Each structure stands twice: as structure tokens, then as C-alpha cells.
Number of protein chains: 2
Amino acid sequence: MAVTIKDVAHASGVHVSTVSRTFSAAHLVNPETRARVVAAANALGYRPNRAARALSTRRTGNLGLIVADIANPFFPPLIKAAQAHARRSDHHVFVADTDEQVRAEEELIRSMATQVDGALLVAPRLSNRLIAELSADVPFVVVNRQPANLPAVLMDVASGARQALEHLVSLGHREIALLTGPRASWTNQRLERAATDAAEHHGLRLHRLGPNQPTEGGGAGAAPGVLASGATAVLAYNDLVALGLLQELRGRGLAVPGDLSVIGVDNTHTARHCGLTTIDMPTAAAGRAAIDLLLRRITSEDAPGTVTLDTRLVVRGSTAPPADGFQGP
Amino acid sequence: MAVTIKDVAHASGVHVSTVSRTFSAAHLVNPETRARVVAAANALGYRPNRAARALSTRRTGNLGLIVADIANPFFPPLIKAAQAHARRSDHHVFVADTDEQVRAEEELIRSMATQVDGALLVAPRLSNRLIAELSADVPFVVVNRQPANLPAVLMDVASGARQALEHLVSLGHREIALLTGPRASWTNQRLERAATDAAEHHGLRLHRLGPNQPTEGGGAGAAPGVLASGATAVLAYNDLVALGLLQELRGRGLAVPGDLSVIGVDNTHTARHCGLTTIDMPTAAAGRAAIDLLLRRITSEDAPGTVTLDTRLVVRGSTAPPADGFQGP
DNA sequence: GGGGAAACTGCAAACGGTTGCATGAACATC
DNA sequence: GATGTTCATGCAACCGTTTGCAGTTTCCCC
């Protein structure tokens with residue numbers, strides 16, 4: 001029922017191969033013939049069948065985008081940018097959600113492998129070994145993770161973390177809690193590292209509390225530990241954790257930033273509206289960069305590169321000088 | 001290089017058709033043979049090629065999900081739910097974003113039509129005529145729109161709107177502004193209708209202001225009109241508009257809910273954390289229901305149905321009695 | 001033990017494109 | 001005017017799977 005290349009060939013009086021070339025290698029066909037074919041195709045409403053094309057070219061024109069949790073406001077801007085950017089090169093994007101589960105992630109990649117030209121893994125939790133193994137089946141580009149020999153886009157939270165601690169120091173904080181995230185998270189590792197270094201540099205006490213679930217629940221659950229630690233400021237693994245903590249603290253009658261300062265990571269839509277001081281992650285730029293790398297990797301087998309994007313602190317209303325006024329010696 | 005049905009056939013000493021049947025019509029093959037084939041397939045790591053399968057079955061196993069703006073926090077929960085639900089039936093989902101543009105929407109549908117078995121249109125802005133025309137190419141299910149003869153899932157904002165106005169009445173408000181959204185939006189039409197009826201029923205004055213862009217910018221831009229209207233409470237088209245308005249008002253030194261009460265629509269993640277009173281939209285349930293309808297429509301040609309889901313008011317901190325204390329006569 | 005049904009498997013033609021090779025025409029070169 | 005090139009097109013095999021049809025075997029029943 002659908003219009004095929006055969007119908008177009010018949011209507012324009014040429015062989016199917018000429019029609020095929022008109023659309024996939026236009027320079028090989030005489031301009032006049034081409035015009036006739038195109039006219040016939042338009043008249044009939046011809047659209048190439050991508051499955052058929054995929055079968056002979058071994059190129060589907062599809063990409064996979066695998067994230068931990070679509071509903072986590074960190075991801076949508078990245079998804080939006082990646083998808084829009086891919087479309088410019090006539091690629092469609094499968095979006096899938098692993099629900100933060102490693103098993104689901106692997107199975108998802110395997111099931112997608114057969115029908116995409118490449119995939120974007122955003123902050124994958126898979127082991128490096130498994131990532132390497134799976135990358136034999138599909139070209140990958142990884143975001144916020146740095147496996148050997150794979151192209152990666154990194155949003156380096158370190159620069160933002162340094163700015164965050166400087167900000168807290170300048171406000172007079174000396175005891176800071178770090179709510180860590182999942183162990184397997186590259187961002188978490190960088191964050192811990194950068195915070196530890198910066199704390200040492202500034203002579204601060206850093207209380208590491210975690211690992212916490214990267215959700216509001218994780219943040220809420222961390223409240224007792226934070227209060228027990230005696231810290232006057234908190235740097236949380238991400239905005240969700242920060243917001244969860246914030247809500248829990250307010251529920252206990254504490255004021256933010258009056259009694260405690262809180263800083264998140266991601267600069268999500270929610271953080272912007274709730275007045276949360278946070279570290280901005282360039283998600284949209286990362287999505288575009290990752291698609292660029294992926295397409296490059298697919299078309300030419302050139303060496304994989306790594307793109308690193310900077311982050312920066314955005315100061316809003318959830319940080320202030322500590323209540324007890326330790327403004328220095 | 002990839003393992004095909006042929007390799008499996010060779011390894012297990014049967015014809016390719018038997019291998020094919022093992023995976024697509026298992027009851028047609030002898031249990032012992034089947035076991036041998038499955039063993040060989042596993043040993044070789046065989047995965048069926050979906051493009052090839054699509055070519056002969058005319059079923060791709062893919063669905064399209066088309067939304068106005070992935071980064072609008074209304075959509076991600078729906079996308080997440082739809083995608084997860086589709087996966088349970090071994091379907092993959094293309095997600096695409098029209099950026100609120102009608103032209104993009106049409107082109108997107110056309111380009112996807114050739115490689116999906118069906119598509120979900122969420123709150124499409126296309127004309128009914130065009131929707132009908134395009135639905136000849138692909139089975140559609142529409143969310144928050146009600147074109148003739150198409151299956152639809154509706155989140156009926158009317159029930160929530162009634163509750164919202166009752167809530168405002170009970171607080172003592174008498175003059176209410178309604179910030180309307182895009183004309184082509186079904187939700188907007190229902191909202192206007194329900195608010196008008198409820199206002200009449202309660203003897204309220206309703207100031208309709210709009211249409212506004214369904215974004216924070218739209219809400220901020222509406223602030224002067226709201227203030228000029230003399231309304232003491234606002235019902236906004238969605239949470240983004242409400243939050244944009246809220247920010248603008250606070251920027252002008254006004255207090256919410258002290259000077260003005262604000263109610264949004266959607267119950268987004270952001271609204272939850274910012275303490276915005278809003279109307280909850282059952283987005284996840286709608287996503288699942290829509291996928292169900294779509295798969296049913298694809299597999300059996302039965303009559304399209306319409307599913308209507310209720311909405312309800314969620315009271316938070318952005319509503320309070322009016323400043324001037326009109327608590328009744 | 002012969003006829004027929006049922007169960008299983010193989011054969012080969014699709015599905016809708018792409019592409020290496022062959023053919024033929026037009027044209028330039030010496 | 002024979003030879004070589006270039007350009008445009010047709011031919012046909014192929015991509016990996018499905019599926020209608022036909023053949024073979026097994027089994028049942030009279």
C-alpha cells in the first residue's frame with residue numbers, strides 16, 4: 001500500500017536503481033532524469049523505507065540515548081538538545097530509561113544494539129569491563145564517565161565545586177558536609193576529589209556523608225547525619241538531594257540558609273525556581289557535543305576524543321553566613 | 001560480522017526457516033529442535049535484525065512519541081512512563097520535540113511515519129484536518145486533544161479547575177484572573193470553559209487574560225495585566241506560567257500569597273518543591289494508558305476509545321485569603 | 001496395512017532498497 | 001578513424017527475516 005521505489009520507477013520510466021540513486025547518490029544521475037524522478041516521487045508521495053535501506057546499507061539512521069531517569073530534571077535538557085541536534089543530520093533518537101538499575105542498562109543496550117548506529121550513554125553505572133565489551137557491538141559515546149578508549153563528554157564538576165567551597169569560605173563557613181552520591185558515578189568521584197582538595201587548601205573540615213540515593217529521598221534521609229556532624233553548610237551530590245534535604249530540614253523547623261546553607265549540583269529547572277544555590281551543568285551543550293562525537297565516530301573511524309565542559313557556581317538564596325557567626329579567628 | 005539466522009541454522013543443522021520459527025512462532029517447531037536452535041543461538045550470541053524483520057512483517061516494533069517541549073517539566077514523567085510501558089511489549093520509542101512549532105510537528109510526523117508502527121501525539125497543535133490526513137499513514141493516539149475518530153487520552157482539567165475555584169472562594173476571593181494559554185490547546189479550552197462555568201456558579205468575577213506563551217516568559221509578561229485587573233487570585237494555564245508570574249511579582253516586591261494567590265496547572269516537580277498550589281495532572285498514568293490504546297489499535301483494528309483521567313487540586317503555600325480581607329458580605 | 005490427519009521441516013519467493021558490474025552512448029585524443 | 005574516457009543507466013545479486021506451500025514422517029484408526 002505504501003509507495004515504493006518501484007512505483008516511482010514505473011511512473012517516471014526509469015529503472016529502480018536510477019530512482020535509488022536519485023535519492024542516495026544524486027550526482028550519479030543526469031539532472032533531467034533526476035528532475036523527472038523527483039517530480040514523480042513528489043506526486044506519489046514517496047518516502048524511502050528506512051528498514052529496507054538499513055538492511056542493505058547497514059545503517060539505520062537511528063541513535064540510542066540511554067539515561068538513568070528521564071524524570072530527573074537533570075536529563076530533559078540534555079535529551080532535548082541531543083535529539084534536536086541529531087535530527088539535523090536526519091537521525092532519529094530512541095530514548096530509554098534504566099530506572100537507575102544496572103541490569104536494565106545492560107539489557108537495554110543489548111536490545112538496542114541491533115537497531116541503532118550508535119548510542120549515547122549518559123552517566124552509565126555499568127562496569128568499565130562491560131562497557132568495553134558492549135562497545136564491540138555498537139559505537140558509544142559516554143557522557144560523564146571516562147572509560148578507556150571511548151569518546152566521552154565530561155561536565156567537570158571540579159571547577160564548580162572549587163567555586164562553591166570558595167563561596168562558602170567567603171561567607172565564613174568552616175565545617176562543611178558533602179553528601180556523596182552513587183559510588184559508580186564519575187561525577188560523584190570528581191566531586192569528592194575536588195571538594196577534598198579544596199577543603200584541604202582552605203583548611204576546612206569536610207564531613208563526607210554517604211553514599212546517598214541520588215533522589216529527594218536520599219537527601220531527606222541524610223538530614224540526621226548532617227545535623228549530627230555539626231556542619232554549617234552542605235554540598236549535595238545533586239539538586240534532588242539538596243532539595244530533599246532542604247524540605248526535610250524545613251520540616252524540622254530549621255531555616256535555610258539561616259541555620260544551614262545548602263548547595264546543589266545540576267542547576268535544574270527546579271533549582272532555578274526554588275532559589276537553590278547550585279553548580280550549573282552545561283547539559284544542553286553536552287548533549288550536542290556528544291551527538292557530534294557520535295556521528296563523527298560512526299561515519300569515520302577516527303580516533304575518539306574527549307570533550308570537557310566547565311561548570312560554574314550559581315549563587316542564589318540557599319547560602320548565607322553561618323548562624324553562629326564564625327567569620328574567622 | 002553480526003550473527004544472523006543463517007549462522008544459527010548452520011550451527012544447529014536446520015534450515016533458516018526453522019530458526020526463524022523458533023523465535024517468531026515457537027509452537028510450530030519440535031521442542032527438541034527448538035532447544036538445539038536456542039542453544040546454538042545463545043552460544044553464538046544471536047539477536048534478530050529488526051530491520052530485516054520489519055521488512056517482511058511490516059512491523060518495526062517502534063513507536064513515536066511527539067511532544068511540544070521535552071524540557072517543559074510537564075512532559076518527562078509522561079515520557080518516562082510511556083517508554084517503560086512500551087518496553088514491556090518489546091517496543092522501542094522515538095522521542096521527538098517540536099519546540100512548540102506546528103511546521104516542525106507535521107514534518108516530524110511525516111519523517112517518522114515510515115519507521116514506526118504508531119505514534120503518540122501529546123497535546124498537538126496541528127489542525128484537526130491535518131491530524132486526520134496524517135493518521136492515514138500512521139495509527140495515532142492523541143493525548144489532551146480530541147479529534148474525531150481517533151483514540152485519545154484526556155486529562156480533564158475541568159474537575160481540578162472547579163476544585164481550584166472552590167478553594168479560592170472558600171478563602172474569600174471574589175475577583176480572579178485566568179491566564180489563558182495557546183488557543184489551539186485543548187487543555188486551555190477546557191480550562192477556560194470550566195473556569196467560566198464555575199465562576200458563574202459561584203458568582204465570581206473572572207478576568208481572562210491571554211493568550212500567553214506557555215512558558216515562564218509568558219507568566220512574567222502577564223504580571224502588569226494581572227495587577228491592573230484588580231484580581232486577588234490567579235489561575236494560570238500551567239505551572240511554568242504560574243512560576244514566571246510568581247517570580248515577576250516577587251521581583252516587584254509583592255508577596256505571594258500575601259498580596260496575591262497563585263494557582264498553576266500540571267503539578268510539576270518544580271511546583272512540588274516551590275510550594276505552588278496547583279492542579280495535578282496524571283501524566284504517568286496518561287502515558288501508560290496511551291501506550292495501551294496505541295498497541296491495541298496496532299494489533300487489532302478495533303474501534304478507538306477515549307480514556308478520561310481526572311485531575312485534582314493540590315493545595316500548597318501559594319494560596320491564602322486575600323489581603324484586603326473580603327471574607328464575604 | 002492402508003488411508004488420512006497431524007506435526008514438523010525445507011524450499012523459495014517475497015519485503016524495499018543499494019550497489020558492483022556491464023552496457024551503451026557521447027565525446028575527446030592523437 | 002581507431003582508441004580511450006566519461007557519463008548515465010540497466011541488470012541482478014544481496015542485506016536478514018518471514019511465510020505460503022509442499023514434502024516427509026509419524027501416528028491413529030478402522
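No experiment lies behind these values; they were computed from the predicted model shown.
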Checklist entry - If you find the nucleotide of DNA chain D closest to A/Arg34 and the one closest to B/Val3, which residue's nucleotide is nearer the 5' end? => result A/Arg34
Item to check | Neighbour count above 12 (heavy atom, 6.0 Å) for B/Gln213 CD | outcome: no
Item to check | Distance-only donor-acceptor check, side chains A/His91 and A/Ser89, under 3.5 Å | outcome: no
Checklist entry - Looking for any heavy atom pair under 4.0 Å, which part of the strands does B/Arg47 touch: base, sugar-phosphate only, or nothing? => result sugar-phosphate
Checklist outcome for this item: Per the under-4.0 Å heavy-atom filter, residues of residues 15-28 of chain A near DNA chain D come out as A/His15, A/Ser17, A/Thr18, A/Arg21, A/Leu28
Checklist outcome for this item: A/His10 atom NE2 is separated from C/dG16 atom C1', nearest whole Å, by 17 Å
Checklist outcome for this item: A/Pro76 and B/Ala71 have their tightest heavy-atom pair at CB-CA, 4.2 Å
Item to check | Distance, rounded to the nearest Å, where A/Lys6 contributes NZ and D/dG10 contributes C1' | outcome: 16 Å
Next on the checklist: Let me test you: for the helix from C/dG1-D/dC30 to C/dC30-D/dG1, what is the angle between the axes at its two ends (five pairs each), rounded to 10 degrees?
Outcome noted: 40°
Checklist entry - How long is the line joining CG of B/Leu55 and C1' of D/dT18, in whole Å? => result 10 Å
Item to check | Student check: side-chain heavy atoms of A/Asn62 and A/Asp117 closer than 4.5 Å | outcome: no
Checklist entry - Given atom CG of A/Asn49 and atom C1' of D/dC15, what is their separation to the nearest angstrom? => result 13 Å
Checklist entry - What orientation do B/His92 and A/Phe94 show, parallel under 30°, tilted 30 to 60°, or perpendicular over 60°? => result perpendicular
Next on the checklist: For D/dT17, does the base pair up with any side-chain atom of B/Ser56 as donor and acceptor (N or O, under 3.5 Å, distance only)?
Outcome noted: yes
Checklist entry - Starting at CZ of A/Arg50 and ending at C1' of C/dG17, how long is that distance when rounded to a whole Å? => result 13 Å
Next on the checklist: Expressed as a whole number of angstroms, how long is the span from A/Arg59:CZ to D/dC14:P?
Outcome noted: 23 Å
Checklist outcome for this item: Closest to the 5' end of DNA chain C, once B/Pro31 and B/Ala52 are matched to their nearest nucleotides, is B/Pro31
Checklist entry - Below 4.5 Å, heavy atoms only, C-beta onward: do B/Trp186 and B/Val143 meet side chain to side chain? => result no
Checklist entry - Which residue lies toward the 5' end of DNA chain C, B/Val14 or A/Tyr46, if each is placed at its nearest nucleotide? => result B/Val14
Checklist outcome for this item: What one should report as the nearest heavy-atom pair of A/Lys6 and A/Val16 is CA-CG1, 3.8 Å
Next on the checklist: So that I can tick it off, tell me whether A/Glu133 and A/Arg129 are bridged by a salt bridge, with the cut-off set at under 4.0 angstrom between side-chain N and carboxylate O.
Outcome noted: yes
Next on the checklist: B/Thr187 and side chain to side chain contact (heavy atoms under 4.5 Å, CB included): which single residue from B/Arg145, B/Met281, B/Met155 fits?
Outcome noted: B/Met281
Checklist outcome for this item: Of the candidates D/dT17, D/dT9, C/dG16, the side chain of B/Arg58 sits closest to C/dG16
Next on the checklist: Side chain of B/Asn30 only, heavy atoms from C-beta on: which candidate in D/dT17, C/dT9, D/dC15 is closest?
Outcome noted: C/dT9
Checklist entry - What is the distance, rounded to the nearest whole Å, between atom CG of A/Leu44 and atom P of C/dG16? => result 15 Å
